[in-house]
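Input: a single structure, listed below in structure tokens.
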Amino acid sequence: MNFLSKPLDRLPRGPEGFEFIGIMTLVLLLFHANETWYLRVSITVLALIGLLFRSVLHKASYWWILSFILAAVYWSIWDLWIVNHKFAITYWCLAIACGLLAPRISSGEDQAATENEMASTSKTKEVPSAHRIRENGPCSLEDPYPYLAVCSRILIGLIFAIATLWKIVCPEFPNGNFFHFTLLTDHRFLDTAELVGGVSPEMSQQNLAAVNRMKQPGPPPSSVLLIDTPSIPRIALFIAVWTIFIEGSIGLFFLWPCQQKIAYWRDWLLITFIITTYPIATVHGFAWLIVIMAFAQCSPEFKLQRMMYLALFIGMPLMDIPIPYYLKTWLWMG
Amino acid sequence: MKDLPNPNFGHRLRAGIAVWLVPVLLLLVAGRQFYLAQTQLLTPWLGGGFGMFASIDRIDHRVVRAYAITEDSEIPLLLPRLDDSFRTQMKARMMPAVVTRTGYEQLWDLQVQEMKTRAMPTKQRLIDLLDQLGRLPWKNPDKLPIRLVEQPPDWDPTQIRQFRVEVWRLWFNPATKEVSAEILGSRQAPANFQAAGNQNGGNGEP
């Protein structure tokens, strides 16, 4: 790992690290906040301002304006096609705005003031929350906005915990029925079903046509039959169990109070989830957002994890490469 | 907040807001979504409850079926869906050859209402969708922004007595590998209820 030591040491930290987070968020907004023309125009203008004038990124008012625009637009069309990660993007911008309003922790006067405050409160055993954050770390002394890191961790934990709860509550998920149906009828999963499940392209097309027949106007047919292979139910059950396990673990680890060992392993858990999920379930807006939030909460001491998050952010568009399709084609041609 | 008499209190208040405001907001929205999904048949894939990839019941797998009812027949209506692109709809002849501005606005309103009804088929949304159908220029079929599935040879729009809308969702039985449909809600209303305003329709949900 010696060849990585220089790049790892150059990873942004402190105020520069926060600017990185801001820039990544603006890139996410440019690509994924475009449901209506007025949203697209306003977000583009604001994002360009933030990218060109970096000092703006440290202004809470800037993020409040972004949050307000996102919240107003998404709330007005919440029941049309606003999927979950649009809500999560709005929460994240709000979290940045709130984080910038919180007391800033930095070296010098602020640190001395905090230490004086500690000395004055030591008799009553009251520890300022900022120092408690440092002590329970892994938040670094160099992080000017430690509250944003804490909020980010909690948000990731809640998102995954609620998602896990839904998967347990819906009766068709734990027994694999959801993925059984999805592998046969969702175009994002067809290549995977064909690659590992032995489903042929003809079978996939017949399944899609069958489902479309159920959606035609007029009285629906009583039922249609899907075609699958013996492997599909087993694969579906495996994916369902794995999903509940990893999402539940991420929720638990990220909501657990900040401790060094748990902090170390939870990032690897999340990285594993991103790498194994998003090449197939191509919800890249959500993946990008999770990476940004994870980067924000990841301590600068965990250099390799931070580098992985940055690499995932930069490499996310590569997940659009239809790897299952090319693998399938290569195997069949071979 | 800068002038709070107790700086320690102000410090803690701002820190508390910075950490907890957004998570609490997330929980409130997710809780609302869970409640609507359980009581108002909101699809788990919408509403900010992070129920995506948990249920088969996504908005794409729900269907709104509309019928124009005459004295002796029921004619299915081809409702254009908002999630189908404009060009796809034109190709499928789901739109009239000449789309006037009024027709385009009516089409947009109809599509939005169709999608809202599909996402959460409450009684009011079904009524609103019937209202949209009633407002269409049925007496001028060339300007209708929707199509009949099959036009009877002696078709006369004045023969329409009622409209009915139904919302269905797909379901999958892994044991038999059958995909079937179950109805979530339906509503029927007289065709002339536009003159009477947005009054209650006829039958309720099954």
Side-chain angles (χ1 to χ4, degrees), chain A residues 78-84 86-88 91-92 94-95 98-99 101-103 117 121 126 128-130 145 147-148 150-151 154-155 158-159 162-163 166-167 169-170 172-173 175-178 180-182 185 210-211 214-215 217-228 233 243 281 283, chain B residues 1 7-8 10-12 14-23 25-27 29-30 34 42 44-57 59-61 63 65-67 74 76-79 82-83 112 115-116 119-120 149-150 168 170-174 176-181:
Chain A
W78 70 274
D79 54 351
L80 290 182
W81 58 86
I82 302 306
V83 290
N84 291 320
K86 307 296 180 177
F87 286 83
Y91 296 145
W92 178 237
L94 258 177
C98 291
L101 280 183
E117 194 178 6
T121 58
E126 286 181 4
S129 56
Y145 307 115
Y147 301 101
L148 179 61
V150 177
C151 182
I154 295 172
L155 286 177
L158 282 177
I159 287 171
I162 294 171
W166 262 112
K167 289 173 173 64
V169 164
C170 289
E172 68 265 39
F173 193 92
N175 54 13
N177 291 354
F178 169 78
H180 190 170
F181 181 74
T182 302
T185 58
V211 171
M214 295 296 293
K215 298 180 186 178
S222 57
S223 65
V224 293
L225 273 179
L226 296 184
I227 312 169
D228 71 351
T243 303
V283 191
Chain B
M1 281 196 179
N8 198 17
H11 179 113
R12 283 202 215 123
R14 285 157 62 192
I17 290 173
V19 171
W20 293 110
L21 177 66
V22 181
L25 182 63
L26 184 154
L27 284 171
V29 173
F34 188 82
L42 174 68
W45 287 62
L46 295 177
F50 302 101
M52 285 176 72
F53 290 100
S55 171
I56 292 172
D57 186 19
I59 194 168
D60 292 350
H61 291 153
V63 186
R65 295 193 161 87
Y67 300 87
E74 278 189 1
L77 302 175
L78 188 60
L79 290 181
L82 195 63
D83 34 3
V112 168
M115 194 161 188
K116 282 175 178 273
M120 191 166 70
V149 174
E150 282 183 15
W168 296 72
L170 300 187
W171 201 246
F172 177 62
N173 184 336
T176 58
K177 302 191 185 73
E178 283 180 342
V179 179
S180 55

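Proteins get letters first, then strands, A, B, ... in listed order; numbering begins at 1 in each. Keep in mind the model is a prediction, meaning the values are calculated, not measured. Any value given below was found using the heavy atoms of this structure, including those in side chains, with hydrogens, waters and symmetry copies removed.
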Spacing of [X] atom [atom1] and [Y] atom [atom2] [to the nearest 0.5 Å]:
{"X": "B:Lys177", "Y": "A:His180", "atom1": "NZ", "atom2": "NE2", "answer": "6.0 Å"}
{"X": "A:Phe173", "Y": "B:Ser55", "atom1": "CZ", "atom2": "OG", "answer": "10.5 Å"}
{"X": "A:Glu172", "Y": "B:Trp171", "atom1": "CD", "atom2": "CH2", "answer": "4.0 Å"}
{"X": "B:Leu25", "Y": "A:Leu155", "atom1": "CG", "atom2": "CG", "answer": "9.5 Å"}
{"X": "B:Phe172", "Y": "A:Leu226", "atom1": "CZ", "atom2": "CG", "answer": "5.0 Å"}
{"X": "B:Asn173", "Y": "A:Asn177", "atom1": "CG", "atom2": "CG", "answer": "8.0 Å"}

*Find the one option among A:Val169, A:Leu148, A:Ile82, A:Ile159 whose heavy-atom pairs under 4.5 Å with chain B are most numerous.*
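Answer, by heavy-atom pair count under 4.5 Å with chain B: A:Ile159.
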_B:Phe34 vs A:Ile162 side-chain heavy atoms within contact, under 4.5 Å_ =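 Result no, sub-4.5 Å side-chain heavy-atom pair not found.
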*Does a side-chain heavy-atom distance below 4.5 Å link A:Tyr91 with B:Val29?*
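In contact.
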By a 4.5 Å heavy-atom criterion (distance strictly below it), what part of [X] contacts chain A: side chain, backbone, both, or neither?
{"X": "B:Met52", "result": "both"}
{"X": "B:Leu21", "result": "side chain"}
{"X": "B:Leu42", "result": "side chain"}

*Please look at A:Pro219 and chain B and tell me whether the side chain, the backbone, both or neither of the residue comes under 4.5 angstrom of a heavy atom of that chain.*
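For A:Pro219, heavy atoms of backbone and side chain both lie under 4.5 Å from chain B.
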*With only heavy atoms counted, which part of A:Thr182 is less than 4.5 Å from chain B, the side chain, the backbone, both or neither?*
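Contact with chain B involves no heavy atom of A:Thr182 at all.
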*Indicate the ring-plane relationship of B:Phe53 and A:Phe178, choosing parallel, tilted or perpendicular according to the 30° and 60° boundaries.*
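Because their plane-to-plane angle is over 60°, the rings of B:Phe53 and A:Phe178 count as perpendicular.
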Taking every non-hydrogen atom, the tightest pair across [X] and [Y]:
{"X": "B:Ser180", "Y": "A:Ser222", "value": "CB-O, 3.6 Å"}
{"X": "B:Pro23", "Y": "A:Cys151", "value": "CD-SG, 3.9 Å"}
{"X": "B:Val22", "Y": "A:Cys98", "value": "CG2-SG, 4.3 Å"}

*Hey, mind stepping through B:Lys116 and A:Asp79 against side-chain contact (heavy atoms from CB on, under 4.5 Å) and telling me if it holds?*
CA-CA 6 Å; B:Lys116 282 175 178 273; A:Asp79 54 351; 3.5 Å; yes
*chain A interface, residue from B:Ile56, B:Leu27, B:Leu170 that has the most non-hydrogen pairs under 4.5 Å*: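 The candidate making the most pairs under 4.5 Å is B:Ile56.
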*Who pairs with B:Val63 by side chain to side chain contact (heavy atoms under 4.5 Å, CB included), at least two apart in sequence or on another chain?*
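A:Lys215, B:Arg65.
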*By side chain to side chain contact (heavy atoms under 4.5 Å, CB included), which residues pair with B:Ala54, not counting sequence neighbours?*
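For B:Ala54, the residues satisfying side chain to side chain contact (heavy atoms under 4.5 Å, CB included) (neighbours in sequence not counted) are A:Trp166, A:Lys167, A:Cys170.
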*Hey, mind stepping through B:Leu26 and A:Ile154 against side-chain contact (heavy atoms from CB on, under 4.5 Å) and telling me if it holds?*
CA-CA 11 Å; B:Leu26 184 154; A:Ile154 295 172; over 6 Å; no
